[in-house]
Amino acid sequence: MARYITISCLGPSPLALQADVPPNEAVEQMIDHWQRQLDRVLPDQPDIIVLPEVCDRPSKATYPKAQRMAYYEARGTRVRDFLAGVAARHRCYITYPAHVQMADGTWRNSMQLIDRNGGIAGVYYKNYLVPDEYTEAGILYGKEAPIVETDFGRVAAAICFDLNFDELRRQYEAARPDLILFPSMYHGGLMQGYWAYSCRSYFAGAIAGPPCTIVSPLGETLAQSTNYYPFITTRINLDAAVLHIDYNGEFFPAIKKKYGPKVRIHDPGYLGAVLLTSETEDFTVEDLIAEFKLERIDDYFARAAQQRCEPGRVEP
């Protein structure tokens, strides 16, 4: 059945606090800053709001490391608790990407996913750090790639520099999450679309400064923020499947003839693949695949690769 959710991404540049602002006051200013930013998207009643990497770190250009460490001590969980209150009041998920100190005193570059009740649904620790994050900031590398179960689907995360590393992407290729969350300082360019397509997942990027983006499982940018407004909101349908047009294409006219606007078959061009979505409460994409004996793109590629390996088919 149609499984629509509304996603908002916020990507303002880091808040420029002056170095002489006392830590407790700096935390209050940070909370006020994020309240103003959230007020720009909350009227759209999003199901999930994605914030950028280290969302509550003051700009490094104006707030040196010594002040930042004092600020982090004063901050504790106050920003997270503020966001949890917003999530509970507005019944939405909110990401909290931040530098956090663990119980043993070590640090991580993390993304906590706050649920609709203000609890923590799951946590991701950045797997691939920029070298200076360890050598200068003492942040440790994460080692897990968890899939978080939410009330709308299965969610994964990558943070900034992670997008350059195939090992993490391949873990998500195997897991096939519905949505990949990408809080970042770095945009990633073509890598956003590549991750979305290779994982057959929607991709929501909240980037501090450059455009925020929401990308489809075909690698197409569905929404993008601008130089004027560093935020976006869009609606996506998670009841979707990526199909190659080979063999499946012959059934598309019959599907449309029978179900009309209850089914969407979107062709981005050049890729040889379409995104099939159910636009009704009457049936799911899985029902369509079963009824018309359609083949998902990964099953088709696996079949093609297997046939190549049959005896006598590869040149001597």
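Along the sequence shown, the residues carry numbers beginning at 1. What's counted below: heavy atoms across the whole structure, side chains too, no hydrogens, waters or symmetry copies. Being a predicted model, the structure only gives us computed values, none of them experimental.
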Is the Tyr128-Tyr141 ring centre distance short of 6.0 angstrom? no
Is there a side-chain contact between [X] and [Y] in this structure, where contact means two heavy atoms from C-beta onward sitting under 4.5 Å apart?
X: Gln45; Y: Arg91; value: no
X: Tyr4; Y: Asp47; value: no
X: Ser278; Y: Thr284; value: no
X: Leu275; Y: Pro217; value: yes
X: Asn237; Y: Glu279; value: yes

Determine whether a donor-acceptor pair (N or O, by modelled atom type, separation under 3.5 Å) exists between the side chain of Thr95 and the backbone of Leu51. yes
Could you verify whether a donor N or O on one side chain and an acceptor N or O on the other, from [X] and [Y], lie under 3.5 Å apart?
X: Tyr96; Y: Asp56; result: yes
X: Asn24; Y: Tyr71; result: no
X: Gln29; Y: Glu25; result: yes
X: Glu53; Y: Asn109; result: yes

If a pair satisfies ring-ring contact (aromatic ring centres under 6.0 Å, His included) and one of its residues is in residues 23-45, list it, with sequence neighbours excluded.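 Non-adjacent pairs meeting ring-ring contact (aromatic ring centres under 6.0 Å, His included): zero.
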What are the two closest non-hydrogen atoms of Tyr63 and Ala19, and how far apart are they?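 Taking every non-hydrogen atom into account, CD1-CA, 3.9 Å.
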Please find the pair of heavy atoms, one from Gln192 and one from His187, that lie closest to each other, and give the distance.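 For Gln192 versus His187, the nearest heavy atoms are NE2-O, 2.7 Å.
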Let me confirm one number: the [atom1]-[atom2] distance from [X] to [Y], rounded to the nearest 0.5 Å.
X: Asp115; Y: Glu149; atom1: CG; atom2: CD; value: 13.5 Å
X: Ser201; Y: Asp178; atom1: OG; atom2: CG; value: 7.0 Å
X: Phe203; Y: Phe182; atom1: CZ; atom2: CZ; value: 5.0 Å

Is Tyr247 linked to Val263 within one hydrophobic cluster, defined over Ile, Leu, Val, Met, Phe, Trp and Tyr using a side-chain heavy-atom separation of less than 4.5 Å?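 No, because Tyr247 and Val263 fall into different hydrophobic clusters, even though each may have its own neighbours under 4.5 Å.
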Residues in side-chain hydrogen bond (donor to acceptor under 3.5 Å, both in side chains) with Tyr300, at least two apart? Asp246
Going by the angle between their ring planes, with limits at 30° and 60°, are Phe283 and Tyr259 parallel, tilted or perpendicular?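 Rings of Phe283 and Tyr259: tilted, as their planes differ by 30° to 60°.
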For Tyr93 and Phe152, take the angle between the two ring planes, folded into 0 to 90°, and tell me which bin it lands in: parallel under 30, tilted 30 to 60, perpendicular over 60. perpendicular
Walk me through whether Asp282 and Met1 qualify under side chain to side chain contact (heavy atoms under 4.5 Å, CB included). CA-CA 6 Å; Asp282 297 339; Met1 295 178 285; over 6 Å; no
Would you verify whether the NZ or CZ of Arg200 falls within 45 degrees of the ring axis of Tyr197 while also being under 6.0 Å from that six-membered ring's centre? yes
Here's one to test your reading of the geometry: is the NZ or CZ of Arg170 within 45 degrees of the ring axis of Phe165 and under 6.0 Å from its centre? no
